[in-house]
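Worksheet: one structure, shown below.
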Amino acid sequence: AGYNSQWDDVVLGVEMSYLHGKFGGSSSATEARSSTAALADGLFHAVTATSAAAISISDMATFRARAAYAYGSFLPYMFGGFALGNADISRSITVQDRGSLTQGGASFPFVPLSASEAVHNHLIYGYTAGLGVDINLVGGLFMRAEWEYIRFTSTVDTSINTVRAGLGYRF
């Protein structure tokens, strides 16, 4: 939905879009470090940390400004603005430490440390930008093709790319 105003061949406007679906992803990482000298406790340590994060976005809305230039029946445009979303976010980490009396010698595990967090119905925010073209078909009927990039920069960074096509009517 939106409103546009035209001056000669320049079109400026504001738009809002809403998407409901299943967007998101997950990421995990493992990092291992070993001490090359005995630490204060007299032991050599080998520590492994494993982390994971996931985000599931169910609703998102963008609010954007649009600028276009008319070339006959074609209206190429670009836009930018901000984005809001509703997401479920989960994060976890496990740290395992192993000690040994000599470097590279037989090791024994310590009790692993772990933590996890899950947040449901969390408001996330970010920005949006994109490009598109409207093609006038007949009268006020037009066809639209558009690419939109959305980047949410809150608790878990995530990016979404969408490509859309549609029909519209200009009043």
Side-chain angles (χ1 to χ4, degrees), residues 1-2 13-68 76-134 144-166:
V14 292
E15 296 180 339
M16 180 256 174
S17 69
Y18 171 78
L19 289 171
H20 175 75
K22 292 186 179 187
F23 303 94
S26 62
S27 178
S28 62
T30 300
E31 180 75 26
R33 300 284 179 166
S34 298
S35 61
T36 56
L39 299 182
D41 61 0
L43 299 174
F44 291 85
H45 289 265
V47 179
T48 303
T50 303
S51 64
I55 186 168
S56 175
I57 303 168
S58 58
D59 298 287
M60 61 181 160
T62 61
F63 304 88
R64 56 201 197 184
R66 180 170 92 139
Y77 61 90
M78 62 183 174
F79 59 85
F82 68 95
L84 297 174
N86 181 26
D88 295 333
I89 301 170
S90 62
R91 297 185 291 184
S92 65
I93 187 166
T94 300
V95 178
Q96 177 64 61
D97 185 8
R98 299 183 67 80
S100 70
L101 296 172
T102 61
Q103 186 175 14
S107 65
F108 49 90
F110 292 102
V111 175
L113 302 172
S114 63
S116 62
E117 172 189 46
V119 179
H120 301 286
N121 292 319
H122 184 66
L123 176 66
I124 56 176
Y125 52 86
Y127 59 89
T128 182
L131 302 169
V133 63
D134 289 349
R144 173 176 286 182
E146 173 177 283
W147 164 74
E148 182 174 25
Y149 174 78
I150 302 171
R151 175 85 186 256
F152 289 108
T153 57
S154 52
T155 308
V156 175
D157 262 1
T158 191
S159 300
I160 298 170
N161 285 284
T162 59
V163 176
R164 295 182 270 228

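Positions are given from 1 along the sequence.
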Begin with the C-alpha distance, continue with both residues' side-chain angles, and end with the deciding distance and a verdict on side chain to side chain contact (heavy atoms under 4.5 Å, CB included) for F152 and I150. CA-CA 7 Å; F152 289 108; I150 302 171; 3.7 Å; yes
Going through the distances and angles, do L19 and I160 end up as a side chain to side chain contact (heavy atoms under 4.5 Å, CB included)? CA-CA 12 Å; L19 289 171; I160 298 170; over 6 Å; no
Just do the side chain to side chain contact (heavy atoms under 4.5 Å, CB included) check on I57 and T158 with the steps written out, would you? CA-CA 10 Å; I57 303 168; T158 191; 3.9 Å; yes
Run the numbers on D88 and V119 for side chain to side chain contact (heavy atoms under 4.5 Å, CB included), then give the verdict. CA-CA 6 Å; D88 295 333; V119 179; over 6 Å; no
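Judged by distance alone, the side chains of Y149 and T128 never bring a donor and an acceptor atom under 3.5 Å apart. No side-chain donor-acceptor contact under 3.5 Å links T50 and T94.
Listed by chain and residue number, E146, E148 satisfy the salt bridge (charged side-chain N to carboxylate O under 4.0 Å, His left out) test with R164 (two or more places apart in sequence, or in another chain).
Atom-to-atom distance recorded for E31:CD and T48:OG1 is 9.0 Å, nearest 0.5 angstrom.
A 4.5 Å side-chain heavy-atom check between T62 and M16 finds every atom pair outside the cut-off. Considering only heavy atoms from C-beta on, D134 comes within 4.5 Å of Y77 through its side chain.
With a 6.0 Å cutoff to the six-membered ring centre and a 45° limit on the axis angle, R151 does not count as a cation-pi contact of Y127. The side-chain tip of R64 points at the ring of F79 from less than 6.0 angstrom away and within 45° of straight on.
In this pair, F63 and F82 present their aromatic rings parallel. The plane angle is below 30°, not in the 30 to 60° band.
Counting all heavy atoms, side chain and backbone alike, S100 lies closest to A106 at CB-O, 3.2 Å. Minimum interatomic distance between S92 and S116 (heavy atoms only, all atoms of both residues): CB-CB, 3.9 Å. For the pair A87 and I124, the tightest heavy-atom approach, listed with the atom from each and the gap, is CB-CD1, 3.8 Å.
We find that R33 and D97 are not joined by a salt bridge, their nearest charged nitrogen and carboxylate oxygen being 4.0 Å or further apart.
Counting only residues at least two apart or in different chains, ring-ring contact (aromatic ring centres under 6.0 Å, His included) contacts with residues 17-46 comprise H45-F110.
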